[in-house]
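These numbers come from the heavy atoms of this one structure, side chains and all, not from hydrogens, waters or symmetry mates.
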Amino acid sequence: MSGPLAGIRVLELGQLIAAPFATRLMAEFGAEVIKVEPPGEGDPLRRWRKMHEGTSLWWYLQSRNKKSIAVNLKSADGLTIVKRLAESADVVVENFRPGGLEKLGLGWDVLSGLNPNLVMVRISGYGQTGPYRDRPGFGAIGESMGGIRFTTGDPSTPPSRVGVSIGDTLASLHGVIGALMALLRVKTGQGAGQVIDVSLVESVFNVMESLVPEYDLLGEVRTRTGGALPGITPSNTYPSQDGGFVVIAGNSDPIFRRLMTAIGRRDLAEDPDLRNNEGRSRQAAMLDAVIADWTRGRTVTDALAVLDAAEVPAGRIYSVADIVADPHYAARDMILEADLPGDARVKMPGIVPKLSETPGTVRWQGPALGAHTDSVLSELGFDEAGIASLRQKGAVA
């Protein structure tokens with residue numbers, strides 16, 4: 001096993017998106033991730049969205065490089081297995097509602113007592129403390145309370161959802177960052193393990209830029225602005241002759257001048273009232289109309305050719321079909337071929353980020369439920385008879 005996290009053991013007590021995405025990132029960079037699933041059904045993500053031979057395509061991606069063990073957490077023997085795994089783990093990642101692990105006898109006080117160097121990432125809707133801690137909270141609620149939905153969409157429509165589960169993903173990324181910082185502390189001898197308390201709400205809120213000081217000092221309530229970037233001008237999505245769209249970001253002073261020159265409006269490039277962002281933002285509607293008039297007379301390809309030549313940041317809006325056909329994605333190994341059951345070949349996303357010396361790798365796709373139960377139990381010292389006994393008692397499957 002290679003990768004910067006080789007030798008790190010991660011125990012995943014999670015399901016669906018937030019905790020599993022965090023551990024997927026760790027697994028891609030070499031960590032040994034042991035995913036605990038309930039016998040019978042496993043992680044509900046196995047049955048979400050589009051399926052291949054009865055298993056979700058999302059599952060194959062989300063759980064690549066992980067080991068699946070089927071353990072009954074309602075069984076005393078099952079709980080003992082988890083405790084023994086925690087004794088040798090570097091990180092535990094969980095996304096139960098606060099107090100859920102404590103009810104099982106697997107809370108922080110218990111696991112850290114068994115392993116003082118353990119790092120425990122706890123992802124929940126509202127965090128482990130506060131008046132809302134006991135409320136159920138999925139990513140949609142985190143996005144709503146965190147502020148991103150109020151600012152997403154067209155001003156004439158209700159608040160919109162981003163096209164992916166961005167709240168869960170942001171929480172996952174914060175969890176990984178927290179885990180790596182805490183691991184560094186442990187591995188460099190600075191101290192013992194600790195809890196990483198990640199809230200879906202706060203993970204979204206953390207990327208909301210200057211939302212709060214603008215409101216507090218200026219009374220500004222940022223709201224939906226469609227494709228525009230409010231207060232940063234010009235930056236918007238513009239229609240093309242062929243029914244597509246061009247995203248143009250001409251919002252630095254020199255780029256703005258190059259943009260105006262490229263579209264034949266040298267008068268605006270040299271207008272002293274438009275020499276900085278503050279002046280341009282006062283005339284944002286006029287500038288958007290000028291740029292849209294220009295793009296409407298050209299195809300997306302033709303418009304981008306002019307803008308690229310002028311070194312103006314611009315691009316088409318990609319569908320998944322555009323992504324898988326794009327040579328830049330291919331050149332950076334961002335589209336990988338994967339083997340699935342039934343001799344199927346499928347394209348999967350590549351690994352981010354790109355490390356020059358210890359890059360991430362894909363060793364296998366999401367495994368069958370309990371595919372690694374026996375091998376993991378064997379490492380814990382159980383022989384064949386002991387494993388059979390655990391199965392007979394319903395502790396594992």
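The OG atom of S144 lies 11.0 Å from the CG atom of L200; values are rounded to the nearest 0.5 Å. Taking CG of N277 as the reference point, atom CG of D253 lies at 7.5 Å (rounded to 0.5 Å). If you take CD1 on I291 and CH2 on W294, they are separated by 9.5 Å, rounding to the nearest 0.5 Å. To the nearest 0.5 Å, atom NZ of residue K74 and atom CG of residue L79 are 11.5 Å apart. Taking CG of L25 as the start and CG of L173 as the end, the distance is 6.0 Å to the nearest 0.5 Å. Taking OG of S199 as the reference point, atom CZ of R133 lies at 12.5 Å (rounded to 0.5 Å).
One finds a salt bridge joining R24 and E28 here, because a Lys/Arg side-chain nitrogen approaches an Asp/Glu carboxylate oxygen to under 4.0 Å. In this structure, D374 pairs ionically with R391, as a charged nitrogen and a carboxylate oxygen lie closer than 4.0 Å. Salt-bridge formation is not detected for the pair D273/R282: no Lys NZ or Arg NE/NH1/NH2 atom is positioned less than 4.0 Å from an Asp or Glu carboxylate oxygen.
Remark: side-chain polar atoms of S389 are not paired, donor with acceptor, to backbone N or O of A385 under 3.5 angstrom. When atom types are taken as modelled, the side chain of D90 and the backbone of L183 share no donor-acceptor pair closer than 3.5 angstrom. In this structure, the side chain of S210 does not engage the main chain of P213 through any donor-acceptor pair within 3.5 Å. Between the side chain of R135 and the backbone N or O of Y126 there is no donor-acceptor pair closer than 3.5 Å. With T223 contributing its side chain and T151 its backbone, the two residues share no donor-acceptor pair below 3.5 Å. Panel note: side chain W108, backbone G113; no donor-acceptor pair is recorded below 3.5 Å. Judged purely by atom type and a 3.5 angstrom limit, E143 uses its side chain to pair as donor or acceptor with the backbone of G167. A distance-only check finds a donor-acceptor pair linking the side chain of R97 to the backbone of D134 [under 3.5 Å]. Not a single donor-acceptor pair under 3.5 Å links the side chain of R185 to the backbone N or O of A182. A side-chain donor-acceptor contact under 3.5 Å links N115 to the backbone of A86.
Between M260 and F256 there is a side-chain heavy-atom pair separated by less than 4.5 Å. Within the 4.5 Å cutoff, the side chain of V10 has no heavy atoms near those of the L5 side chain. A 4.5 Å side-chain heavy-atom check between P44 and L16 finds at least one atom pair inside the cut-off. At least one side-chain heavy atom of R257 sits under 4.5 Å from a side-chain heavy atom of P254. Contact check for P234 versus I248: no side-chain heavy atoms found under the 4.5 Å cut-off. The closest side-chain heavy-atom distance from D293 to R296 is below 4.5 Å. Between M26 and V93 there is a side-chain heavy-atom pair separated by less than 4.5 Å. When side chains are defined from C-beta on, M334 counts as touching V352, because their heavy atoms get closer than 4.5 Å.
Under the 4.5 Å side-chain heavy-atom criterion for grouping Ile, Leu, Val, Met, Phe, Trp and Tyr, V324 is connected to Y318 within one hydrophobic cluster. The hydrophobic clustering, which links ILVMFWY residues whose side-chain heavy atoms are closer than 4.5 Å, places W59 and M51 apart. Residues L11 and L118 are members of one and the same hydrophobic cluster, defined by side-chain heavy-atom contacts under 4.5 angstrom among Ile, Leu, Val, Met, Phe, Trp and Tyr. Neither L85 nor V33 shares a network with the other; the hydrophobic side chains, linked directly or stepwise wherever heavy atoms of I, L, V, M, F, W or Y lie under 4.5 Å apart, form separate groups for each. Under the 4.5 Å side-chain contact rule for hydrophobic residues, V362 and L61 do not share a cluster.
A side-chain donor from one of S156 and D154 sits under 3.5 Å from a side-chain acceptor of the other. Donor-acceptor pairing under 3.5 Å is recorded for the side chains of R9 and S88. Neither side chain, T152 nor S160, offers a donor N or O lying under 3.5 Å from an acceptor on the other. Defined by atom type and a distance below 3.5 Å, a donor-acceptor pair is present between the side-chain atoms of R316 and T301.
Of all heavy-atom pairs between F96 and L13, the closest is CE1-O, 3.4 Å. A70 and L369 get closest at one heavy-atom pair: CB-CD1, 4.3 Å. Scanning all heavy atoms of the two residues, the minimum distance from V164 to R161 falls at C-NH2, 3.3 Å. Here the closest non-hydrogen pair linking D197 and G127 is OD1-CA, 3.5 Å. Contact between R280 and N251 at its shortest, heavy atoms only, is NH2-O, 3.2 Å. Between K67 and H372, the closest heavy-atom pair is CA-ND1, 3.2 Å.
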Just do the side-chain hydrogen bond (donor to acceptor under 3.5 Å, both in side chains) check on D77 and S75 with the steps written out, would you? CA-CA 5 Å; D77 287 326; S75 156; 4.8 Å; no
Start with the C-alpha distance between N95 and D168, add both sets of side-chain angles, then the distance that settles side-chain contact (heavy atoms from CB on, under 4.5 Å), and finish with yes or no. CA-CA 10 Å; N95 62 343; D168 289 290; over 6 Å; no
Could you walk me through whether D333 and K354 pass the salt bridge (Lys or Arg N to Asp or Glu O under 4.0 Å) check? CA-CA 10 Å; D333 293 325; K354 307 296 185 186; 5.7 Å; no
side-chain hydrogen bond (donor to acceptor under 3.5 Å, both in side chains), that's the test. Do D322 and S319 meet it? Break it down for me. CA-CA 5 Å; D322 297 317; S319 70; 3.3 Å; yes
Test side-chain hydrogen bond (donor to acceptor under 3.5 Å, both in side chains) applied to K66 and T23, step by step: CA-CA 8 Å; K66 298 181 186 179; T23 56; 2.9 Å; yes
Just do the side-chain contact (heavy atoms from CB on, under 4.5 Å) check on L101 and M120 with the steps written out, would you? CA-CA 12 Å; L101 283 186; M120 189 175 198; 3.4 Å; yes
Please step through side-chain contact (heavy atoms from CB on, under 4.5 Å) for the pair F150 and R224, ending with a clear verdict. CA-CA 7 Å; F150 193 79; R224 297 176 296 289; 4.2 Å; yes
Would I323 and I335 count as a side-chain contact (heavy atoms from CB on, under 4.5 Å) if you check the C-alpha gap in whole Å, the side-chain angles of each, and the deciding distance to 0.1 Å? CA-CA 9 Å; I323 288 172; I335 303 296; 4.1 Å; yes
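Ring-plane geometry between W58 and W48 is classed as tilted, the angle between the planes lying from 30 to 60 degrees on a 0 to 90 degree scale.
No more than 12 heavy atoms of other residues, nucleotides or ligands sit less than 6.0 Å from atom CD of E384. Sparse packing is recorded around CZ of F138, with 12 or fewer heavy atoms of other residues, nucleotides or ligands lying under 6.0 Å away. Annotation for Q392: atom CD does not count as buried by contact number, only 12 or fewer foreign heavy atoms lying within 6.0 Å. The neighbour count for R345 CZ, taken as heavy atoms of other residues, nucleotides or ligands under 6.0 Å away, is above 12. Residue R47 places its CZ atom among more than 12 non-hydrogen atoms of other residues, nucleotides or ligands, all under 6.0 Å distant. The neighbour count for Y132 OH, taken as heavy atoms of other residues, nucleotides or ligands under 6.0 Å away, does not exceed 12.
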